[in-house]
Number of protein chains: 2
Amino acid sequence: MDSALTFPTALRELLRTHQTFLSYAASHVHTLDLTLPQFDIIITLGNTAGINFKILGEKTLITKGTLTGVISRLEDKGLVQRVASETDGRSQIVQLTEAGKDLYQRTFPEHLAFIYRIFNDYSPEDIATLEATLLRLRKAVIAARSNESEQLVEETDQ
Amino acid sequence: MDSALTFPTALRELLRTHQTFLSYAASHVHTLDLTLPQFDIIITLGNTAGINFKILGEKTLITKGTLTGVISRLEDKGLVQRVASETDGRSQIVQLTEAGKDLYQRTFPEHLAFIYRIFNDYSPEDIATLEATLLRLRKAVIAARSNESEQLVEETDQ
DNA sequence: TATTGTTATACTCTATAACTATA
DNA sequence: TATAGTTATAGAGTATAACAATA
């Protein structure tokens with residue numbers, strides 16, 4: 001036991017929980033011959049008419065330079081396509097192709113089912129509680145991140 | 001097509017929560033000039049006398065080939081050192097150097113404090129509930145992972 | 001001038017397999 | 001034969017900055 005630590009060690013487990021979960025989720029995604037960022041793009045585009053690079057990057061937390069490469073690889077796989085924006089000549093819309101839509105509709109429920117195996121011993125109420133807990137956590141992280149970036153903006157001069 | 005999703009879309013938020021959290025945690029770790037896997041090694045080695053590659057890989061979910069590179073980079077930074085095992089000629093023990101211990105003792109509490117900013121609006125009971133929820137989730141993921149593949153990772157409780 | 005997306009660079013992580021040296 | 005760790009390889013993501021086209 002780490003009794004020397006003055007901070008709750010359970011928070012170390014929080015980090016480990018996230019890591020373990022991501023590793024588990026990735027093991028399914030890799031069976032689709034996709035990376036986690038690539039699958040993230042697919043499910044973000046799912047059930048939309050297309051999203052431009054700027055918004056897509058904000059939603060997936062992938063910076064623009066990286067996003068160009070990720071989208072190009074998905075394009076090479078025939079899963080997404082670039083379409084010029086009609087309202088802004090600088091902007092490119094990223095859409096799922098028909099193959100991409102097929103993949104999304106086939107694998108997203110499959111992915112959720114894979115995730116659901118985790119919850120064998122959970123009651124429906126347990127799952128609802130977990131989802132509410134995580135949603136609140138997500139909002140709290142976003143709030144903290146906002147405060148952080150404000151501080152970073154203030155510190156940009158070093 | 002709107003009824004195509006038979007699974008709660010809230011689980012999509014679960015993925016996003018993990019991602020958002022990791023991104024937030026990474027933003028602090030990067031200020032230490034460390035990557036997330038490197039920091040993971042540091043906090044795993046913290047308050048231990050050293051761990052060999054095999055166990056270290058199991059704890060951090062980094063495969064051996066990758067681990068060699070990660071440890072070498074940390075060695076280049078003077079934060080860890082390799083020590084030959086006295087009982088097994090094949091085995092290398094990885095330890096924090098004095099600089100590594102300093103870093104750990106200075107930054108782990110700092111990291112937890114950074115994480116704690118998320119919980120501004122949480123009561124102590126809320127935090128306890130969240131920790132219990134996540135610990136249960138972690139155990140459930142490990143159980144699902146065990147069922148999924150034959151290569152079981154022996155988890156040591158802390 | 002500011003913004004959108006691309007290109008270029010250098011680094012790190014990842015998975016995999018072949019390899020060595022011990023056991 | 002099996003195991004612990006290294007090396008080699010190819011691919012992918014990351015941050016960062018410079019850049020072109022458009023607003």
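Since this is a predicted model, take the numbers as computed values, not measurements. Quick note on labels: first sequence line is chain A, next is B, and so on, each numbered from 1.
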**Student:** Tell me: NE2 of H30(B) to C1' of dC11(C), nearest whole Å?
**Tutor:**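 Roughly 12 Å, once rounded to whole Å.
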**Student:** Which of parallel (below 30°), tilted (30 to 60°) and perpendicular (above 60°) describes F114(A) and H111(A)?
**Tutor:**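 Aromatic pair F114(A)/H111(A) classed parallel.
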**Student:** Write down the distance between CD1 (I71(A)) and P (dT6(C)), rounded to a whole number of angstrom.
**Tutor:**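 About 9 Å, once rounded to whole Å.
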**Student:** To the nearest Å, give me how far apart CD1 (I55(A)) and C1' (dT3(C)) are.
**Tutor:**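 The answer, rounded to whole Å, is 13 Å.
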**Student:** Which nucleotide wins on minimum distance to the side chain of Q38(B), given the candidates dT12(C), dT14(D), dG5(C)?
**Tutor:**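 The listed nucleotide nearest to Q38(B)'s side chain is dT12(C).
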**Student:** Please check the phosphate of dT6(C) (OP1 and OP2 only) for any side-chain N or O of R82(A) closer than 4.0 Å.
**Tutor:**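 Yes, R82(A) has a side-chain N/O under 4.0 Å of OP1/OP2 on dT6(C).
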**Student:** How long is the straight-line distance from CZ of R136(B) back to CD1 of I118(A), given to the nearest 0.5 Å?
**Tutor:**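 If I round to the nearest 0.5 Å, the distance is 12.0 Å.
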**Student:** Rounded to whole Å, please give me the gap between CD1 in I51(A) and P in dG5(C).
**Tutor:**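 Taking CD1 of I51(A) and P of dG5(C), I get 12 Å after rounding.
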**Student:** Base contacts versus sugar-phosphate-only contacts with protein, heavy atoms under 4.0 Å: please encode nucleotides 16-23 of chain C as B, S and - from 5' to 3'.
**Tutor:** B-----BS
**Student:** Using a cut-off of less than 4.0 Å, is there contact between a side-chain N or O of S91(A) and OP1 or OP2 of dT22(D)?
**Tutor:**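 False: S91(A) side-chain N/O out of range (4.0 Å or more) of dT22(D) OP1/OP2.
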**Student:** Just how far, in rounded Å, is P of dA23(D) from CD of E86(A)?
**Tutor:**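 Checked: the CD to P distance equals 13 Å.
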**Student:** Mind calculating the distance between CD (E58(A)) and C1' (dT4(C)) to the nearest angstrom?
**Tutor:**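 One finds 12 Å between C1' of dT4(C) and CD of E58(A), rounded.
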**Student:** In this structure, how many angstroms lie between the C1' atom of dA12(D) and the CD1 atom of I62(A), rounded?
**Tutor:**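 These atoms are roughly 12 Å apart.
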**Student:** How far apart are the C-alpha atoms of D126(B) and T129(B), what are their side-chain angles, what is the distance that settles it, and do they pass the side-chain hydrogen bond (donor to acceptor under 3.5 Å, both in side chains) test?
**Tutor:** CA-CA 5 Å; D126(B) 289 340; T129(B) 300; 5.5 Å; no
**Student:** Relative to each other, are the rings of Y104(A) and F108(A) parallel, tilted or perpendicular (30° and 60° limits)?
**Tutor:**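 Ring orientation of Y104(A) relative to F108(A): parallel.
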**Student:** Under a 4.0 Å N-O cut-off, is there an ion pair linking R106(A) with E110(A)?
**Tutor:**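 No, this pair does not count.
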**Student:** What pairs with Q81(A) under side chain to side chain contact (heavy atoms under 4.5 Å, CB included), at least two apart in sequence or on another chain?
**Tutor:**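 Result, side chain to side chain contact (heavy atoms under 4.5 Å, CB included) vs Q81(A): V83(A), Q95(A), T97(A).
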**Student:** Just the rounded figure in Å: distance from P of dT14(D) to CG of L67(A).
**Tutor:**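 Computing the L67(A):CG to dT14(D):P distance gives 10 Å.
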**Student:** Let me spell it out: for each of P37(A) and G69(B), pick the nucleotide of DNA chain D with the closest heavy atom. Which residue's pick is nearer the 5' end?
**Tutor:**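 Its nearest nucleotide lies further toward 5', so the answer is G69(B).
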**Student:** Compare the minimum distances between each of dT7(D), dT4(C), dT6(C) and the side chain of T68(B), then state the nucleotide with the smallest one.
**Tutor:**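 The answer is dT7(D).
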**Student:** How long is the gap from CD1 on I62(A) to OG1 on T68(A), to the nearest 0.5 Å?
**Tutor:**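 It is 11.0 Å, given to the nearest 0.5 Å.
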**Student:** If you only use heavy atoms from C-beta on, which nucleotide in dA12(D), dG5(C), dT12(C) is closest to the side chain of T35(B)?
**Tutor:**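 Comparing dA12(D), dG5(C), dT12(C) against the side chain of T35(B), the answer is dT12(C).
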